[in-house]
Every structure is written in structure tokens, then in C-alpha cells.
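Counting starts at 1 for both ligands and their atoms, following the listed order. Not measured: the values here are computed from a predicted model.
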Amino acid sequence: MDQSLIHLRDIEANQAAFLVSMLNSSSCNFYAVDSTRRILDAVGFQPLSEADEWSIVPGGKYYVVKNDTAIFAFIAGNAPVESEGFRIISAHTDSPCFKLKPNCEIYGDGGVVSLNVEKYGGGILYTWFDRPLAISGRVLTRGESPLAPRQHLVDSRRPVATIPHLAIHFNREVNSGNPLSVQKDMKPVLGYFSQQQIAEAKKSGGFIPALLVDLINQNLAENSRPVFAEDILDYELCLYPAEPATVVGLNSDILQSHRIDDLSMAFSGLAALILEAEHPADATRVLALFDNEETGSGTKQGAASPVLRHIMERVCISLSADKQALYRALARSFMISADDAHAWHPNYNEKYDPTNHPVIGGGPVVKINANCKYMTDGRSAAVFHALCDQAGVKMQYFVNHADVAGGSTLGNISSSQFDIPGVDVGCAIWAMHSARESASLSDHLDMIKVFRQLLK
Ligand code: ZN
């Protein structure tokens, strides 16, 4: 993370640089949460453990981390929680990628070592070919007891793998459509090694365990016991495109990066929360960054779990003597569920609704679906429209072409856990789920302004 951006004044003045810096320091869901936590620490939020008793005070700033892949920050309101409720911005920390399987090394001819991987989420596979790929995630090593392994975040930072495409000479039809098998076509190559190197690596558990041990030991706190390959109990590691986020286009206004969906919304929400934290408010303001949206949100740290409801319950119990405070607060709450939207693509006009296709640079997008795939209804869309007006920001609508089935997102999944009104929104992006997605920087700055209106 760019340490110069950790001061609020700098974030306020350099919001685009803040987003780019956060994207670059968040190579996977674990690091997205870690980067967020560091910013929250720096601006005075206090960590709360789910296992402790909480005593929340009005105006207090707190955060809760779940599984190291989801994070929930909140500022307790100054008015009674039952009278002002919660103002929530939600987004997700995960993005499509490839995860390393256990026993992931495959030894081939000429000492070539490949990695056995599994696809996470619904990525556009062929955008992952021929790129520099790095590895990041979490490693669990032997701890004090079987139930308490030590946990280490690791990020190779440098590209350590690539997925080479088959030459066109072996498949002349490649440009006419080329079905891909994850198991066969998408195995990243770690390099080529001498027989001696391979024999030595196998003796100490393999090349990946050796890399992990190096990365862990480089970052160990002073006086910590060093880690050895035999200490590794398990890992959750993903490959990520190592090219940093960049700004492209003749006007230098298009943000291009891996993980724009949905870290761009997560960090726009974070920017809004910490900038508004300077100003007291009556409502309790919440930033909820869930994990596992790309696989249906059905984990303990996903939007389908009770994690956020439990946090809101504990806030109400801590702040109010009224036994019905939670229910009264929910009735006065509002949620903006922020997940990026599809921008009109100049090459595929026919894919879009004729009158409701958001454009890059056209401002925040409200998502609407007649069959309720989004939580947006007329009333919540009106609230968002009014917030945009108040922020002085243009807004636009996304509705699917009537013959195209669209995606879904966090909003409705969250409302199965707590029945509050809300709206699904996002910034319009190109190439959703590509290894490199593109978005407008100005749309994000506008979205931060609208989020700030909700949190005022
Ligand atoms: Zn998303």
C-alpha cells in the first residue's frame, strides 16, 4: 500500500490514487481485507473480536473481521439506534481466479513443473493466458494446538507462473471459438528445473512449500519461531495477474485492473466511510465487505450468512435497553448494495437494452429487474436517485435486454437475513470477470460522493 495515502487529507485529495493503490495492495480476498483493516486502524477504528463481549459507545468506530476474507466496519450513531437505524454500504472482496489444489505440482518433460488448479467463480478463461501470474493467499502452519493453527498471509508479489496458450499452428480454428477445459488447458507453468533441483524440491515437500516457507519467514515478526516446510498444515492460495492497475485511454480516464469487480466498490465504500467518519451522524453507518459473492455467498463470511445480522444485533444490544431495538432499527435502515454493472460495449450493441444501457463515464448505475434478481424497487431507486441529485451526480439505469438472463448480486441475498429496504447499484465496467476489467475513474469518484450522502 502507498503509505503516503494513509492520511485522510491525502485520501480526500487523491481519491483516484487511493483506489489504484488499494487495488494494487489487494491481490486476493485476504489482502483486500488486510488492506482495509490497515486503513481502518490508521484512522482510529478499533478491532472487535466476535469472541469478546462488546461495549459499543455512541460515535465509536469499530470493525470486525470474519475468516480474514470479510470485514465489517461501523460507526455507532449518536442518536438511539432504534430511532435512526443503520445506513449500510455493502460490496464483496472476492473475484474470479484460479486456486491451487493440494499436492499441486505436476512434473513434465524437460523438468517443466505445472500447477494443478481449480477455477474459483466464473472468470473469462482465455484472458488468463500468457500473463505474468503471482500467487497470494493464506497458509496455516502448526500452532499451539490442533484447533489453533498459526496463520500467515503470503503474496509472492513477483510473477512466478504463466499459462502458455497452445500455438495457433496446432489449432487453426482457435479464433472461431475454442472451448477450454480448466483441467487440461489452464494449468499454470511454474518453470523448468534440473533433475537435481526437482529431486531436492521433492525431498522438502515441493517448490510451492519452499516458496511459502520463504515468504512466511521473510515477514515473520522478530523473535517468532521460523517456519519449516513440515510445519505447513494447509493453504488457500490463488493465482492473480501480476500487472498492476493502470490508467489507459487518450484522456487517461479508464481504470484497468484485475478485481475491479468488486474491489472498486469495496474501496469506494471505504473511502466514503472514512471521509464521513470525520463528521458525527445520528444513524449507525456500516461498511459490509462480504466474501464469496462469486460462488453464491453461501459461506459463513458470505452475504447469505447471518454474520452482518449478528453484528447489528450486538450493536443494538450494546447501545439500547429496548428489547425491540433491532427490529425498530431495521425498519428505519437503508442499504446500498454495490457491485459493478455492465457498461454498454461499442462492439455489441445488440446485447443491451435499447433504452437502459449504462455507459462508461455516465455516472452511478441503479440495477433493475422485473423478476426481483436485484433488491431495487421503485422506492429504493427513488431514494438513490435523490441521493445522486443531492450529491450533484448524474445517474443511469441498467436493465437486461429482455431476452438475456442477467446475473444477481448481494442485495437480495442479504435481505434473506434482514428485511431492510435497499438498492442494487454499481459503476459500469467493461469485460466483467476478465483478468483485466475496465472502468471509468470519474464514475467511481461520483459513486464516492453518493455513498457520502447516504452516510452523512
Ligand atoms: Zn461482483
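- For the residue pair N356/Q396, the side-chain donor-acceptor check at 3.5 Å is not satisfied.
- When you scan the N, O or S atoms of D261 for the one nearest the Zn ion (ligand 1), you land on OD1.
- In summary, no N, O or S atom of D340 is located under 2.8 Å from the Zn ion (ligand 1).
- The side-chain heavy atoms of H258 and W128, taken from C-beta on, include a pair separated by under 4.5 Å.
- A donor-acceptor contact under 3.5 angstrom links the side chains of H152 and T141, judged on distance only.
- Under the 30°/60° scheme for interplanar angles, the aromatic rings of W344 and H357 are found to be tilted.
- Among the atoms of D339, an N, O or S atom is found under 2.8 Å from the Zn ion (ligand 1).
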